[in-house]
Trainee: 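Input: one structure, supplied below.
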Amino acid sequence: MDLDNGTGQFEQVLQRGGKDAYVLGLDQGAGFMGRKHWGVGDGISGRGRSRRNRAVVAALAGAVLVATAVFAFTRGGEEPASQAGFCWESLAEDDVAALSPKPFKRYESQEDDLKNRPSATCRVYGDDRKYAEFYLRFGGVDEGMGVWRTADEVAAESVVRAPIDGVPGWANRTYAGVLLPASCARGAAIRGWPYLQINVGDHQGDVWKDGLVQKRMTDVLMTSAAHLTARLGCAEIPFGSPGESPKLLTARPTDRAKACGLPGFDPLTSDDFGIEEYVTQGDLRLWSCAISAKGEKGLRNLTATQDPTMIAVSRSKGAASGGNEALVTCAGKPTLLQLDTPFTDTAKNSAAAKALRPDAEIFAAFRDAVSGQAHCQ
């Protein structure tokens, strides 16, 4: 570079400023005070040129210092890196990014103190902070409410939610939740039986179809549950990503010859109202059948449960079950059978509800049907 007509002074300034000087385009290619403006034949005397050069060099030196300061300020104002851990240090950046349809440069979480709140929430944001990418909630559920209402609390109310393989939990449309070991309550201020719940926004469901949002929610939920229980000293059961994504249940017509897939079970008195059912597949670990009017309007919920945590949490106390509960042994395993009636006008007073048999008759027939198929005593 030779921008000072051979004096070398400005070259020294550039060397001191280093590449920072180029922020303002002070190079020969930029045409800023190039040699052609200060050549020998430009009509300026040697003395005038010397004074002029000194003034120019001083001015340019000041410009370089300003440029350097701007560069340093810009470098200092860069966005900080993402947090090292999120949601009580239970998730890494890759985990939170998995629930972000639009990748962000950085993420941050804001969480309540586990030891000072009866229910603690963590909110995860991208760098635009328009809305939370998802929420994690560490809370407690009252014991003795029954399996169905425990699931309502842990994974949100719905007839379509499906059990998560291997753990006492469920996935719903935009929620998923899992019960944690009872001892986890000792390391926090949680009241009731502890659980962990995740909630994403509708935009995730709009982007990810065919069960992918349930898979991503469940993976993040299990990762957080594994790290959180280890941190709280209550890692008594394993939490790992299920082999298969939980598949939301779909409606099918109720077959009165084998309602809920149970031969001989018929909870109806009429075929006139198009009663539907939502039935889980597989064994009796977390089996359920929601009998519903059209439009996912639940009428009665039948559950058969062999998961020991769920039995401990959900077995009704006293008259809470209305007598529609039985603890039996099926294929050598304790199995809790329950009938739940939603607290809704549809479940109690609608025309579809009047097409159902009395609850006591439904539960007796359900118990007989399960016992006959699963060899219960």
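Values below: all heavy atoms of this structure, side chains included; hydrogens, waters and symmetry mates excluded.
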Trainee: Just verifying a value: how many Å separate D255 CG and F265 CZ, rounded to the nearest 0.5 Å?
Mentor: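 Rounded to the nearest 0.5 Å, the CG-CZ separation comes to 12.0 Å.
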Trainee: With a 3.5 Å distance limit and no angle check, can you tell me whether D266 reaches the backbone of A259 through a side-chain donor-acceptor pair?
Mentor: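 No; zero donor-acceptor contacts below 3.5 Å.
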Trainee: According to a hydrophobic-cluster definition based on side-chain heavy atoms being under 4.5 Å apart (Ile, Leu, Val, Met, Phe, Trp, Tyr only), do V160 and I291 belong together?
Mentor: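 No; tracing contacts between hydrophobic side chains, which count when under 4.5 Å, never links both residues.
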Trainee: Is it the case that one hydrophobic cluster holds both I237 and L196, taking links as side-chain heavy atoms less than 4.5 Å apart, direct or via other members?
Mentor: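 Yes, because I237 and L196 connect within a single hydrophobic cluster, where side-chain heavy atoms sit under 4.5 Å apart.
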Trainee: Going by atom type alone, with no hydrogens or angles, which donor-acceptor pairs under 3.5 Å involve a side-chain atom of residues 298-309 and a protein atom two or more places apart or on another chain?
Mentor:
| from | atom 1 | to | atom 2 | distance (Å) |
| --- | --- | --- | --- | --- |
| R300 | NE | T341 | OG1 | 3.4 |
| R300 | NE | D359 | OD1 | 2.7 |
| R300 | NH1 | A347 | O | 2.9 |
| R300 | NH2 | D359 | OD1 | 3.4 |
| N301 | ND2 | D340 | OD2 | 3.0 |
| Q306 | NE2 | T335 | OG1 | 2.9 |
| D307 | OD1 | T309 | N | 3.0 |
| D307 | OD1 | M310 | N | 3.0 |

Trainee: Taking only residues two or more places apart in sequence, or in another chain, which ones meet K102 in a side-chain contact (heavy atoms from CB on, under 4.5 Å)?
Mentor: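 K102 satisfies side-chain contact (heavy atoms from CB on, under 4.5 Å) with F104, D128 only.
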Trainee: Please tabulate, for side-chain N and O atoms in residues 271-279, each donor-acceptor pair with protein atoms closer than 3.5 Å (sequence neighbours left out).
Mentor:
| from | atom 1 | to | atom 2 | distance (Å) |
| --- | --- | --- | --- | --- |
| D271 | OD1 | R256 | NH1 | 3.4 |
| D272 | OD2 | S270 | OG | 3.1 |
| E276 | OE2 | K294 | NZ | 3.4 |
| E277 | OE1 | T254 | OG1 | 3.4 |
| E277 | OE1 | C260 | N | 2.9 |
| E277 | OE2 | R252 | NE | 2.8 |
| E277 | OE2 | R252 | NH2 | 3.1 |
| E277 | OE2 | C260 | N | 3.2 |

Trainee: Any side-chain to backbone donor/acceptor pair from T269 onto A355? Under 3.5 Å, distance only.
Mentor: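 Yes; judged by distance alone, with no hydrogens or angles, the pair exists.
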Trainee: Please report the shortest heavy-atom distance between L249 and A162, naming the atom on each side.
Mentor: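 That closest heavy-atom pairing would be CD2-CB, 4.4 Å.
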Trainee: Tell me, please, which residues at least two apart from Y131 pass ring-ring contact (aromatic ring centres under 6.0 Å, His included).
Mentor: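 Listed in chain order: H203.
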Trainee: Check P242 against I164 and note the closest heavy-atom contact, atom names and distance.
Mentor: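 Shortest heavy-atom separation between P242 and I164 comes out as CG-CG2, 4.1 Å.
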Trainee: Do V96 and F134 come within less than 4.5 Å of each other through their side chains, counting heavy atoms only?
Mentor: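 Side chain of V96 against side chain of F134, heavy atoms only: contact under 4.5 Å found.
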Trainee: Please answer: with hydrophobic residues joined when any side-chain heavy atoms are less than 4.5 Å apart, are V178 and Y135 in the same cluster?
Mentor: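 Unlinked, V178 and Y135 end up in two clusters.
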Trainee: Has R191 got a side-chain atom pairing as donor or acceptor with P118's backbone, closer than 3.5 angstrom?
Mentor: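 Checked: no pair found.
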Trainee: What's the separation between atom SG in C184 and atom CG in L114, rounded to the nearest 0.5 Å?
Mentor: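 Answer rounded to 0.5 Å: 10.5 Å.
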Trainee: Can you give each donor-acceptor pair under 3.5 Å made by side-chain atoms of residues 362-377, sequence neighbours left out, with the distance rounded to 0.1 Å?
Mentor:
| from | atom 1 | to | atom 2 | distance (Å) |
| --- | --- | --- | --- | --- |
| S371 | OG | R367 | O | 2.8 |

Trainee: Which distance, rounded to the nearest 0.5 Å, do you find between the CG of L327 and the OG1 of T329?
Mentor: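 Answer for the CG-OG1 pair, L327 versus T329, is 6.5 Å.
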Trainee: If you take all heavy atoms of N324 and A360, which pair is closest and at what distance?
Mentor: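 Minimum heavy-atom contact is OD1-CA, 3.8 Å.
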Trainee: Without swapping roles, check the side chain of E157 against the backbone of D152 for a donor-acceptor pair under 3.5 Å.
Mentor: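 Side chain of E157 to backbone of D152: no pair is present.
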Trainee: For R117, which residues count as a salt bridge (Lys or Arg N to Asp or Glu O under 4.0 Å) partner, sequence neighbours excluded?
Mentor: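 With sequence neighbours excluded, R117 shows a salt bridge (Lys or Arg N to Asp or Glu O under 4.0 Å) to D112, given in chain and number order.
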Trainee: Run the side-chain contact (heavy atoms from CB on, under 4.5 Å) test against S183 and tell me which residues pass, sequence neighbours left out.
Mentor: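 S183 satisfies side-chain contact (heavy atoms from CB on, under 4.5 Å) with P181, R186, C234, E236 only.
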Trainee: Please list, chain by chain and in numerical order, all residues satisfying side-chain contact (heavy atoms from CB on, under 4.5 Å) with D345, sequence neighbours excluded.
Mentor: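 For D345 the side-chain contact (heavy atoms from CB on, under 4.5 Å) partners, ignoring immediate neighbours, are N349.
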Trainee: Tell me the closest heavy-atom pair linking K247 and E244, and the distance in Å.
Mentor: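 Closest heavy-atom pair between K247 and E244: NZ-OE1, 4.1 Å.
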Trainee: Can you list every ring pair (Phe, Tyr, Trp, His ring centres under 6.0 Å) pair that touches residues 148-190, not counting sequence neighbours?
Mentor: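 Checked against ring pair (Phe, Tyr, Trp, His ring centres under 6.0 Å) - neighbours excluded - no pair reaches residues 148-190.
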Trainee: Quick check: closest heavy atoms across S314 and L336, and the distance to 0.1 Å?
Mentor: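 Of all heavy-atom pairs spanning S314 and L336, the closest is C-CD2, 4.4 Å.
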Trainee: Please tabulate, for side-chain N and O atoms in residues 220-231, each donor-acceptor pair with protein atoms closer than 3.5 Å (sequence neighbours left out).
Mentor:
| from | atom 1 | to | atom 2 | distance (Å) |
| --- | --- | --- | --- | --- |
| T223 | OG1 | D219 | O | 3.0 |
| S224 | OG | S90 | OG | 2.8 |
| H227 | ND1 | S90 | O | 3.3 |
| H227 | ND1 | T223 | O | 2.9 |
| T229 | OG1 | A225 | O | 2.8 |
| T229 | OG1 | A226 | O | 3.1 |
| R231 | NH1 | W88 | O | 2.7 |

Trainee: So how far is it from L91 CG to I198 CD1, rounded to the nearest 0.5 Å?
Mentor: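 These two atoms lie 7.5 Å from each other.
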Trainee: What I'd like to find out is whether the side chain of L356 reaches to under 4.5 Å of the side chain of L268, using heavy atoms alone.
Mentor: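 L356 vs L268: side chains touch.
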Trainee: Quick one, N199 and T174 - any side-chain contact, counting heavy atoms below 4.5 Å?
Mentor: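 When only atoms from C-beta onward are counted, T174 and N199 do touch, with a gap below 4.5 Å.
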Trainee: Please report the closest heavy-atom contact between P103 and P101, naming both atoms and the distance.
Mentor: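 Scanning both residues, the minimum pair turns out to be CD-O, 3.6 Å.
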Trainee: Could you state whether L99 and Y125 fall into the same hydrophobic cluster, counting links through intermediate Ile, Leu, Val, Met, Phe, Trp or Tyr residues with side-chain heavy atoms under 4.5 angstrom apart?
Mentor: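 No; Y125 is not reachable from L99 via cluster members.
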Trainee: According to a hydrophobic-cluster definition based on side-chain heavy atoms being under 4.5 Å apart (Ile, Leu, Val, Met, Phe, Trp, Tyr only), do L286 and V141 belong together?
Mentor: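 In one cluster: yes.
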Trainee: Residues in side-chain contact (heavy atoms from CB on, under 4.5 Å) with S245, at least two apart?
Mentor: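 S245 satisfies side-chain contact (heavy atoms from CB on, under 4.5 Å) with Q214, K215 only.
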Trainee: Distance check, rounded to the nearest 0.5 Å: S288 atom OG versus Q338 atom CD?
Mentor: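 The CD atom of Q338 is 12.0 Å from OG of S288, to the nearest 0.5 Å.
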Trainee: I need the W193 CH2 to L180 CG distance, nearest 0.5 Å.
Mentor: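 Going from the CH2 atom of W193 to the CG atom of L180 covers 10.5 Å.
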Trainee: Listing request: all salt bridge (Lys or Arg N to Asp or Glu O under 4.0 Å) pairs with a residue in residues 164-185, at least two apart in sequence or in separate chains.
Mentor: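 Checked against salt bridge (Lys or Arg N to Asp or Glu O under 4.0 Å) - neighbours excluded - the pairs reaching residues 164-185 are R173-E296.
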